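Because the structure is predicted, anything quoted here is derived from the model rather than measured. Sequence lines set the chain letters: A, B, ... in the order given, protein chains first and strands last, and positions in each chain run from 1. Just so it is clear, the values below take in all heavy atoms, side chains as well, and ignore hydrogens, waters and symmetry mates.
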Amino acid sequence: MSLNQLTLIEAFEGLRQGKFTSEELTRDCLKQIKKFDSQVKAFVTVDEAGAISQAKAVDEKIKNGDSLSPLAGIPVAIKDLFCTQGLKTTASSKILADYVPPYDATVVKKLKDNDAVIIGKTNCDEFAMGGSTENSAFFPTKNPWDLERVPGGSSGGSAAAVAADMCLYALGTDTGGSIRQPSSFCNISGLKVSYGRVSRFGVLAMTSSLDTIGPMAKTAQDNALILQYLAGPDVKDATTPSEPVDDYSQAIVQNIQGLKIGLPKEYFIEGMDSEVRQAVLDAAKKFEELGATVVDVSLPHTEFAIAAYYIICPSEVSSNMARYDGIRYGLSERQSGDLLDIYLTSRAKGLGSEVKRRIMIGTYALSAGYYDAYYKKAMQVRTLVKGDFEQTFGEVDVILTPVAPTPAYKLGENINDPLKMYLEDAFTIPASLAGICGLTIPAGLAGGLPVGIQLLAKRFDEKTILRAGHHYQQATNWHKQKPSIK
Amino acid sequence: MKLSQQEVERIATLARLKLTEEEKNRYSQELSKIFDYMDKLQALDTAAVEPTSQVTGLTNVMREDVVEEFDNVGGLLAVSPQSQNGFFQVPKILENK
């Protein structure tokens with residue numbers, strides 16, 4: 001077994017026991033990238049020199065007996081939506097194709113302060129708009145389980161990189177499912193945190209009232225450890241409250257005897273893959289064996305969530321994307337010398353079709369005469385969706401659902417039908433609107449393709465879904481299944 | 001609902017997007033279909049429901065109003081398309097009298 005196949009916690013222990021060095025670990029990841037990334041295409045940028053030099057610096061600190069963070073010396077891949085000072089950050093968009101940020105996102109700074117080894121930046125749907133990574137302006141990423149299929153999205157590069165052991169863990173963003181769905185498609189464990197739990201400062205904004213940042217790793221236990229170093233308030237992000245940060249690694253140890261899990265009937269719809277349905281029901285049975293109680297619950301406004309989301313998201317997108325105007329940074333087309341023409345031409349050349357589509361939807365929804373019918377209505381429906389969860393979490397601790405109606409689909413299968421693509425997000429969007437947390441963990445294979453389950457809990461109760469996920473993984477082997485790329 | 005080509009042009013102008021004829025045609029069809037789907041929201045009676053614009057429950061988050069120097073102005077200017085004497089350069093928008 002090569003070192004890149006280790007979990008984060010195994011790698012941490014190995015480094016401390018002197019079984020191997022950070023440089024060896026990092027080189028194994030780089031070797032894996034060289035071997036397979038020409039097929040998988042998970043990375044936009046690989047920072048080989050930076051990673052090796054950081055690994056050597058950590059090895060020096062270990063040799064000197066310095067006190068170090070568990071993340072020290074461990075290779076991490078970062079979605080290309082996070083600003084990394086001095087390292088190109090593209091959002092997988094032509095408009096930022098050459099953008100080198102002059103500052104670090106708060107979470108990137110936190111990783112650097114913990115001596116993490118940043119191995120590269122991963123591909124995504126342009127500005128995180130999409131669910132298949134096919135909307136990258138550069139190239140689509142392939143699913144390591146089947147190179148003809150999508151890895152999911154928008155954090156598809158991060159999911160594929162973890163699944164293919166090109167890094168030990170990754171960072172992604174989740175606005176409507178962009179961590180949870182690719183984690184399910186690629187057989188990894190991905191955590192969407194509660195809105196406000198992790199600072200968004202320095203992460204290119206898509207839908208500011210919904211965007212969250214979280215870890216994507218090989219186990220729930222690894223996610224618990226990583227979250228410890230990401231969570232907490234940030235003066236640079238006014239939406240991060242001073243809610244106490246739990247000791248996640250400690251909190252997940254306690255067994256799940258007596259945990260109440262709800263199965264919402266609205267998530268078992270017609271048209272969903274029968275093997276996906278079975279995987280969720282099997283998981284429910286497993287949780288019962290582990291001492292949990294499983295009951296039926298109802299989230300009656302679920303079917304309205306997609307429509308509300310695809311008004312709220314594009315509305316905020318239309319506002320957030322206004323900053324890409326060719327004036328201060330990014331692609332700038334200045335031939336004509338006319339200011340309006342700089343805006344129009346830079347945006348026409350720099351932005352891809354899904355980004356333009358969402359700008360158009362949002363601009364229309366917010367325009368005079370339509371605001372009440374669309375945007376205000378969507379915000380009211382958001383209240384109803386949020387209310388469903390508040391009520392249900394009065395009865396149960398965790399809600400168990402499928403992540404996506406089907407396993408990973410083929411490249412090109414949905415790309416020409418935007419509405420069909422939006423409907424794929426049916427099971428991940430409601431939790432996003434409510435701002436609660438969700439964990440995807442592997443729970444089966446359907447026709448050789450990974451199927452994940454989603455565990456949801458109330459805001460700031462990450463510890464409970466991580467605990468449930470951890471105990472499930474102690475009792476099952478689905479998360480240990482690996483793709484056989486050659 | 002059918003979104004006309006003129007309506008698409010009006011929205012594109014508001015959004016500062018220059019669309020090709022092919023794009024105008026495509027977005028007119030796609031947006032019509034998408035907004036038809038959104039109309040399912042009208043089936044819900046929300047007259048008595050407060051809108052949720054964000055879920056934090058936080059309002060007016062304050063901090064000390066102190067100036068913090070940004071230590072990498074050079075890096076900021078390095079990524080700008082055109083700069084001079086430490087400023088971003090933009091085309092002249094006022095005519096000489």
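Between A:Y374 and B:F35, the gap from one ring centroid to the other is short of 6.0 Å.
The backbone N or O of B:L44 sits less than 3.5 Å from a side-chain atom of A:K377, completing a donor-acceptor pair. Within the 3.5 Å criterion, the main-chain N or O of B:R16 finds a donor-acceptor partner in the side chain of A:R347.
When each of A:R334, A:H301, A:E316 is checked for heavy-atom pairs under 4.5 Å with chain B, A:R334 comes out on top.
Annotation: the span from A:Y310 atom OH to B:M38 atom CE amounts to 9.0 Å, rounded to 0.5 Å. Note that NZ of B:K18 and CG of A:L340 are 9.5 Å apart. Values are rounded to the nearest 0.5 Å. How far CZ of A:R328 is from OG of B:S83: 14.0 Å, rounded to the nearest 0.5 Å. Atom CD of residue B:E7 and atom OG of residue A:S367 lie 7.5 Å apart, to the nearest 0.5 angstrom.
Heavy atoms of B:V73 lying under 4.5 Å from chain A are absent altogether. Interface residue B:L76: backbone and side-chain heavy atoms are both found under 4.5 Å from chain A. Only the side chain of A:K386 comes within contact range of chain B, judged by heavy atoms closer than 4.5 Å. Heavy atoms closer than 4.5 Å to chain A are found nowhere in B:D71, neither backbone nor side chain.
Within residues 49-56 of chain B, the residues having any heavy atom less than 4.5 Å from a heavy atom of chain A are, in residue-number order, B:V49, B:E50, B:P51, B:T52, B:S53, B:Q54, B:V55, B:T56.
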Next item on the list: Apply side chain to side chain contact (heavy atoms under 4.5 Å, CB included) to B:Y37 and A:I306, showing your working.
Entry: CA-CA 9 Å; B:Y37 178 78; A:I306 292 178; 3.9 Å; yes

Margin query: Walk me through whether A:Y422 and B:I34 qualify under side chain to side chain contact (heavy atoms under 4.5 Å, CB included).
Written below: CA-CA 9 Å; A:Y422 298 167; B:I34 289 165; 3.9 Å; yes

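Minimum heavy-atom separation, B:Q42 to A:A373: NE2-O, 3.0 Å. Contact detail for A:P102 and B:N72: the closest heavy-atom pair is O-ND2, 2.9 Å.
More than 12 non-hydrogen atoms from other residues, nucleotides or ligands lie less than 6.0 angstrom from NZ of A:K356.
You'll find the side chain of A:S332 stays beyond 4.5 Å of the side chain of B:Q82, heavy atoms only.
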